[in-house]
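Shown next, in structure tokens, is the structure this report addresses.
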Amino acid sequence: MTSGTQTLYSFEQLPFIIGARHSASNSPLPDLLPFNTIYSADLGLVSQAPNRAVSDALASAYGEGSQIGTPLEEQGLGKEYLDDFLSFLTNALPNNDASGRRTLEI
């Protein structure tokens with residue numbers, strides 16, 4: 001990590017959900033992966049920490065045609081996810097200050 005970067009949340013194992021499957025396992029993809037978020041004070045940026053295992057699993061899942069997640073939108077279920085996501089980020093930020101901030105979710 002660079003100077004001014006701090007870990008916000010670190011989970012050793014979170015479920016890796018890639019959509020409907022024919023079994024309870026993602027095999028040959030992992031069922032659990034680490035998930036870590038970091039905050040860069042230099043950039044004012046919250047992001048997922050790079051992790052090779054996560055990148056490889058996502059590349060394989062997308063290669064199979066999986067569409068992971070729900071689009072964050074201004075209406076419907078996407079709106080509920082968006083509101084929860086923004087609330088989580090606001091609470092995770094140092095000083096809980098989200099004024100003047102923008103969010104890009106990819």
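Keep in mind it's a predicted model, so treat the numbers as computed, not measured. Residue indices begin at 1 and follow the sequence shown. Quick note: numbers below take in every heavy atom, side chains included, and nothing from hydrogens, waters or symmetry partners.
Every residue two or more places apart in sequence or in another chain was checked for a salt bridge (Lys or Arg N to Asp or Glu O under 4.0 Å) with Glu12, and none qualifies.
Between the CD1 atom in Ile38 and the OG1 atom in Thr5 there is a gap of 6.0 Å [rounded to 0.5 Å]. With rounding to the nearest 0.5 angstrom, the CG atom of Leu33 is 8.5 Å from the CG atom of Asn26.
Counting all heavy atoms, side chain and backbone alike, Phe16 lies closest to Pro30 at CD2-O, 3.3 Å. Heavy-atom minimum distance, Ala24 versus Asp31: O-OD1, 4.3 Å. Listed here is the closest heavy atom pair of Phe11 and Asn36: N-OD1, 3.5 Å.
Under the 4.5 Å side-chain heavy-atom criterion for ILVMFWY residues, no single connected hydrophobic cluster contains both Leu32 and Val54.
A donor-acceptor pair is defined here as one N or O able to donate and one able to accept, closer than 3.5 Å; no such pair exists between the side chain of Ser40 and the backbone of Leu45. Listed for the Asn51 side chain is no donor-acceptor partner under 3.5 Å among the backbone atoms of Pro34. Judged by distance alone, the side chain of Ser87 and the main-chain N or O of Asp83 form no donor-acceptor pair under 3.5 Å.
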